[in-house]
Number of protein chains: 2
Amino acid sequence: MDNLHRKIIIEFLSKYAPISKELEEIILEHSGIKTLSKGEVILQEGQVSKECFFILKGCVKKFHLIDGQEKITAFYTEGQVVTPNSYTDGKPSKYFLKTMEETIALFGNPDSEKEAMSLYPELASFIGLVTEKLIVDITDEFDTWVNHTPEERYILLNQERPDLIQRVPQYQIASYIGIKPESLSRIRKRLTN
Amino acid sequence: MDNLHRKIIIEFLSKYAPISKELEEIILEHSGIKTLSKGEVILQEGQVSKECFFILKGCVKKFHLIDGQEKITAFYTEGQVVTPNSYTDGKPSKYFLKTMEETIALFGNPDSEKEAMSLYPELASFIGLVTEKLIVDITDEFDTWVNHTPEERYILLNQERPDLIQRVPQYQIASYIGIKPESLSRIRKRLTN
DNA sequence: TGATTTTCTTAACCAAGGTCAATGAAAAAG
DNA sequence: CTTTTTCATTGACCTTGGTTAAGAAAATCA
């Protein structure tokens with residue numbers, strides 16, 4: 001694990017609570033690092049996920065297939081945790097996870113998670129914090145979504161995740177903000193005038 | 001606490017894991033039951049929440065005030081937990097919580113929660129399950145929302161929470177599904193034809 | 001490099017929701 | 001039982017996004 005990756009993890013973990021070097025090592029030891037090539041499918045619809053992961057480098061999209069069309073509901077990038085619902089509830093996934101670029105991520109599975117938690121009880125409360133924070137983030141995102149128009153969502157996206165606009169094709173951004181590529185073109189035109 | 005309320009709680013708790021009579025008592029002892037009258041504001045925008053609650057009877061709406069307009073993002077009814085983001089992250093709330101009817105709820109606060117958890121470690125892992133399930137529910141709701149039109153959302157709401165249509169005024173249902181009351185009228189007309 | 005595929009833009013027309021204003025119906029208040 | 005207020009519906013007109021089809025621009029590949 002190189003220094004950049006280490007920094008991303010530590011930065012992430014420190015958001016939740018002061019973290020000891022010891023706990024840091026425990027977490028690193030119990031997760032496996034993997035590199036995925038561009039366009040790789042991490043989770044299929046109907047499949048039960050056995051892994052959650054943390055992105056060190058790269059970008060992953062989450063999408064539903066509706067009438068043969070991809071409907072993107074999330075882009076995950078560096079420093080984000082991805083815990084598929086299917087990983088948590090053991091039910092077949094309703095959505096896909098697919099890399100947009102070559103992606104390096106730390107993978108964890110329930111067995112090693114349980115093992116680590118039984119060895120290090122402080123890990124459990126730490127995971128609790130991460131989980132609680134996730135709820136706050138998701139509900140905030142939901143509220144932001146429903147309280148804005150597609151045009152406003154595009155403006156917000158430019159402000160809050162300008163990197164995404166650069167690295168993701170526009171027609172996928174369109175899907176993410178809930179409109180068709182043609183409409184996003186028009187919105188962009190409206191905005192430049 | 002009467003039998004109906006007891007039943008609602010036990011039904012709720014059993015969704016997550018088999019629950020012992022003992023743990024049941026612990027939870028009941030550490031939460032205070034309160035009755036709120038119709039129209040009571042539980043949480044104000046800008047306020048830091050010190051309580052989460054579980055609804056035994058009644059209905060609570062969550063809404064943002066945008067340009068003086070209520071934008072409803074959730075209705076909570078019997079058997080649902082409400083954990084304000086502000087309760088979790090300690091930051092001022094971005095939204096309001098207000099009762100739609102007389103509402104009876106079990107309230108918990110961080111102090112009694114921590115006390116109970118230190119006395120009964122098994123409670124912590126139980127709360128972990130509840131929290132994880134919340135994430136699954138919220139992301140499912142989010143995905144359902146973004147993948148449907150207002151008309152489809154209205155049809156879904158009728159199927160999945162027919163009680164809400166009965167007990168909540170239509171213009172508030174309209175706000176909840178993201179449209180104006182006039183548009184909901186038109187949708188209803190379209191659907192009857 | 002030239003060829004091919006992918007992505008982005010434009011335009012004309014359509015459908016759904018927003019706005020404004022008027023009217024009716026239903027509930028609440030007196 | 002009225003009166004008043006709140007809520008729901010309707011219609012005319014506007015705005016935004018969807019659809020379809022064509023072509024331009026960019027990225028990829030041979």
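Everything numeric in this text was worked out from a predicted model, so none of it was measured. All heavy atoms count here, side chains included; hydrogens, waters and symmetry mates do not. Residue numbering restarts at 1 for every chain, and letters A, B, ... go by the order of the sequence lines.
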(request) Considering only NZ, NE, NH1 and NH2 on the basic side and carboxylate oxygens on the acidic side, decide whether A/R167 and A/E78 come within less than 4.0 Å. (result) yes
Quick one: which residue pairs count as a ring pair (Phe, Tyr, Trp, His ring centres under 6.0 Å) with a foot in [range], not counting sequence neighbours?
range                       : result
residues 27-50 of chain A   : none
residues 112-139 of chain B : none
residues 1-25 of chain B    : B/F12-B/Y16, B/F12-B/F54

(message) Over the length of the helix from C/dT1-D/dA30 to C/dG30-D/dC1, how much do the five-pair end axes diverge, rounded to 10 degrees?
(response) 50°
(request) Using a cut-off of strictly less than 4.0 Å between a heavy atom of the residue and any atom of DNA chain D, enumerate the qualifying residues of residues 60-75 of chain A by number. (result) none
(request) Could you state whether A/L184 and A/V168 fall into the same hydrophobic cluster, counting links through intermediate Ile, Leu, Val, Met, Phe, Trp or Tyr residues with side-chain heavy atoms under 4.5 angstrom apart? (result) yes
Side-chain donor/acceptor pairs under 3.5 Å, residues 18-29 of chain A, sequence neighbours excluded:
residue : atom : partner : partner atom : Å
A/S20   : OG   : A/L23   : N            : 3.1
A/E25   : OE2  : A/R6    : NH2          : 3.1

Tabulate protein N/O versus nucleotide N/O from nucleotides 25-27 of chain C, keeping only pairs under 3.5 Å, one per line.
none

(message) I'd like to know whether NZ of B/K38 has more than 12 heavy-atom contacts from other residues, nucleotides or ligands below 6.0 angstrom.
(response) no
Ignoring hydrogens and angles, write down the donor-acceptor pairs under 3.5 Å from the side chains of residues 65-74 of chain A, residues two or more places apart or on other chains.
residue : atom : partner : partner atom : Å
A/E70   : OE1  : A/K61   : NZ           : 2.8

(message) Return a single string for nucleotides 6-21 of chain C, one symbol per nucleotide in 5' to 3' order, where B is base contact, S is sugar-phosphate-only contact and - is none, cutoff 4.0 angstrom on heavy atoms.
(response) -SSBBSB----BBBB-
(request) At under 4.0 Å between heavy atoms, which parts of nucleotides 23-30 of chain D does protein reach? Answer with one letter per nucleotide, 5' to 3': B base, S sugar-phosphate only, - none. (result) --------
Solution key, residues 39-48 of chain B side-chain donor-acceptor pairs under 3.5 Å, sequence neighbours excluded:
residue : atom : partner : partner atom : Å
B/E40   : OE1  : B/S37   : N            : 3.0
B/E40   : OE1  : B/S37   : OG           : 2.9
B/Q47   : OE1  : B/Q44   : N            : 3.1

(request) With sequence neighbours excluded, give me every side chain to side chain donor-acceptor pair (under 3.5 Å) pair touching residues 146-160 of chain B. (result) B/T149-B/E152, B/E151-B/R190, B/Y154-B/R188
(message) Taking the side chain as everything from C-beta on, heavy atoms only, tell me whether B/E102 gets closer than 4.5 Å to B/T35.
(response) yes
(message) Can a donor-acceptor pair be found, under 3.5 Å and without considering hydrogens, that links the side chain of A/Q80 to the backbone of A/T77?
(response) yes
